[in-house]
Amino acid sequence: MPSRFRTEDFVHAAVRLIAEGGPGAATASAVARATGAPSGSVYHRFPSSGDLLAAAWLRPLRRFQDEFLAVLAGEADPIAAGVAAARQVVQWSADHPDDAALLARYGRSDFIRSDSSASVRAEADALDDRLNRALADYLAGFRAADRDRVRLAVVDGPLALVRRGLGAGGPDAATVDLAAEAARRLLAPSGPPVEMIDSI
């Protein structure tokens, strides 16, 4: 007989608890109460509290990266890709407010702990590596002197807008448009593209 409670239900409950009360709120017993499941069902899927906490971090992180990186790689023109990616950061956060609150307010060290299993730590490392490689590949299309500005346009600026929006109930459509417009201005060419420089 299929289990009445899915792993996804427990992770989703943990994310909601963290959004409301911080990482310390997502205990196995609190997740069990939130889902109406026996505590044993939670422990069966997450043998340690560290793995439950890590799952609440890794699930939204993986989902965000899947969408963000697809958008960043989806345009041949790096400026168009950057504008679309900046918009995606804020739009995703508006669509997934609990996940966005978790990712915006906390960091890896709040969730990947000494009692996390080796497989959990390996997954966290793989996600970090994937994001770092993708951003490095994208930034390589710009001049070295412009890369801090590009990162501000595509990553840091949109995240700042998300954090501000979360304090007001979540980013709205105007904030999504603002992220795109700010990125468009920051990414405006300040000189010849890399390809032109390489050909000289």
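- Taken from CG in Asp146 to CG in Leu152, the straight-line distance is 12.0 Å, to the nearest 0.5 Å.
- In terms of heavy atoms, Leu17 sits closest to Ala25 at O-CB, 3.6 Å.
- Not counting sequence neighbours, the partners of Tyr138 by the ring pair (Phe, Tyr, Trp, His ring centres under 6.0 Å) test are Phe142.
- With Arg151 contributing its side chain and Asp156 its backbone, the two residues share no donor-acceptor pair below 3.5 Å.
- The pair Asp125-Arg108 meets the salt-bridge criterion, with a side-chain N (NZ, NE, NH1 or NH2) lying under 4.0 Å from an Asp/Glu carboxylate O.
- A continuous path of ILVMFWY side-chain contacts below 4.5 Å connects Val176 to Leu166, so both sit in one hydrophobic cluster.
- Listed here is the closest heavy atom pair of Val154 and Gly82: CG2-CA, 3.8 Å.
- Under the 4.5 Å side-chain criterion, counting only non-hydrogen atoms from C-beta, Val89 is in contact with Leu159.
- Under a hydrophobic clustering in which Ile, Leu, Val, Met, Phe, Trp and Tyr are joined whenever their side-chain heavy atoms come within less than 4.5 Å, directly or via other members, Val83 and Val155 fall into the same cluster.
- We find the CZ-CD distance between Arg59 and Glu123 to be 12.5 Å, quoted to the nearest 0.5 Å.
- Counting non-hydrogen atoms of other residues, nucleotides and ligands closer than 6.0 Å to CG of Asp128 gives a total above 12.
- Counting only distance, with no hydrogens or angles, the side chain of Asp51 and the backbone of Val120 share no donor-acceptor pair below 3.5 Å.
- The CD atom of Gln88 sits 8.0 Å away from atom CG of Asp95, with the distance rounded to the nearest 0.5 Å.
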Practice task
List the steps, then state whether salt bridge (charged side-chain N to carboxylate O under 4.0 Å, His left out) holds for Arg63 with Glu8.
Solution key: CA-CA 13 Å; Arg63 289 182 172 180; Glu8 178 71 10; 2.9 Å; yes
Practice task
Determine, step by step, whether Leu53 and Phe46 satisfy the side-chain contact (heavy atoms from CB on, under 4.5 Å) criterion, reporting the C-alpha distance in whole Å, the side-chain angles of both residues, the deciding distance to 0.1 Å, and the verdict.
Solution key: CA-CA 9 Å; Leu53 202 59; Phe46 303 100; over 6 Å; no
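- Contacts classified as side-chain hydrogen bond (donor to acceptor under 3.5 Å, both in side chains) and involving residues 157-174 (residues at least two apart or in different chains) are given here: Asp172-Thr175.
- Classification of the His96-Trp92 ring pair by plane angle, with boundaries at 30° and 60°, yields tilted.
- Arg147 places a side-chain N or O within 3.5 Å of a backbone atom of Leu139 that can act as its donor or acceptor partner.
- Residues Leu161 and Pro171 have side chains not in contact (no heavy-atom distance under 4.5 Å, counting atoms from C-beta outward).
- Closest non-hydrogen pair, Pro60 versus Leu103, comes out as O-CD1, 3.8 Å.
- Pairing each heavy atom of Phe10 with each of Ala37, the nearest pair is CE2-CB, 3.5 Å.
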Exercise for the section: Using the side-chain contact (heavy atoms from CB on, under 4.5 Å) rule, take Ile112 and Trp57 through it: C-alpha gap first, then chi angles, then the decisive distance, then the call. Expected result: CA-CA 8 Å; Ile112 309 302; Trp57 167 256; 4.2 Å; yes
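- Asp177 contributes no side-chain N or O that, together with a main-chain N or O of Ala174, makes up a donor-acceptor pair within less than 3.5 Å.
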Practice task
Start with the C-alpha distance between Val150 and Leu186, add both sets of side-chain angles, then the distance that settles side-chain contact (heavy atoms from CB on, under 4.5 Å), and finish with yes or no.
Solution key: CA-CA 7 Å; Val150 172; Leu186 285 166; over 6 Å; no
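- Minimum interatomic distance between Ala13 and Ala34 (heavy atoms only, all atoms of both residues): CB-CB, 4.1 Å.
- In terms of hydrophobic clustering, with Ile, Leu, Val, Met, Phe, Trp and Tyr side chains grouped at heavy-atom distances under 4.5 Å, Val71 and Leu61 are assigned to different clusters.
- Taking each heavy atom of Ile18 and Ala26 in turn, the nearest pair found is CG1-CB, 3.7 Å.
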Handout entry: From CA spacing to verdict: salt bridge (charged side-chain N to carboxylate O under 4.0 Å, His left out), Asp66, Arg130
Key = CA-CA 10 Å; Asp66 286 346; Arg130 177 174 73 156; 2.9 Å; yes
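- Classified by interplanar angle (parallel below 30°, tilted 30° to 60°, perpendicular above 60°), the ring pair Tyr106/Phe111 is perpendicular.
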Practice task
Report the C-alpha separation of Phe64 and Asp99 in whole Å, then their side-chain angles, then the decisive distance to 0.1 Å, and conclude whether the side-chain contact (heavy atoms from CB on, under 4.5 Å) test is met.
Solution key: CA-CA 9 Å; Phe64 169 75; Asp99 288 351; over 6 Å; no
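- Summarising the geometry, atom NE2 belonging to His12 is positioned 6.5 Å from atom CG belonging to Asp98; distances are rounded to the nearest 0.5 Å.
- Under a hydrophobic clustering in which Ile, Leu, Val, Met, Phe, Trp and Tyr are joined whenever their side-chain heavy atoms come within less than 4.5 Å, directly or via other members, Val90 and Leu131 fall into the same cluster.
- Residues Phe5 and Val42 fall within the same hydrophobic cluster, defined by Ile, Leu, Val, Met, Phe, Trp and Tyr side chains chained together at heavy-atom separations under 4.5 Å.
- Electrostatic pairing of Arg185 and Glu181 counts as a salt bridge here, judged by a charged N lying under 4.0 Å from a carboxylate O.
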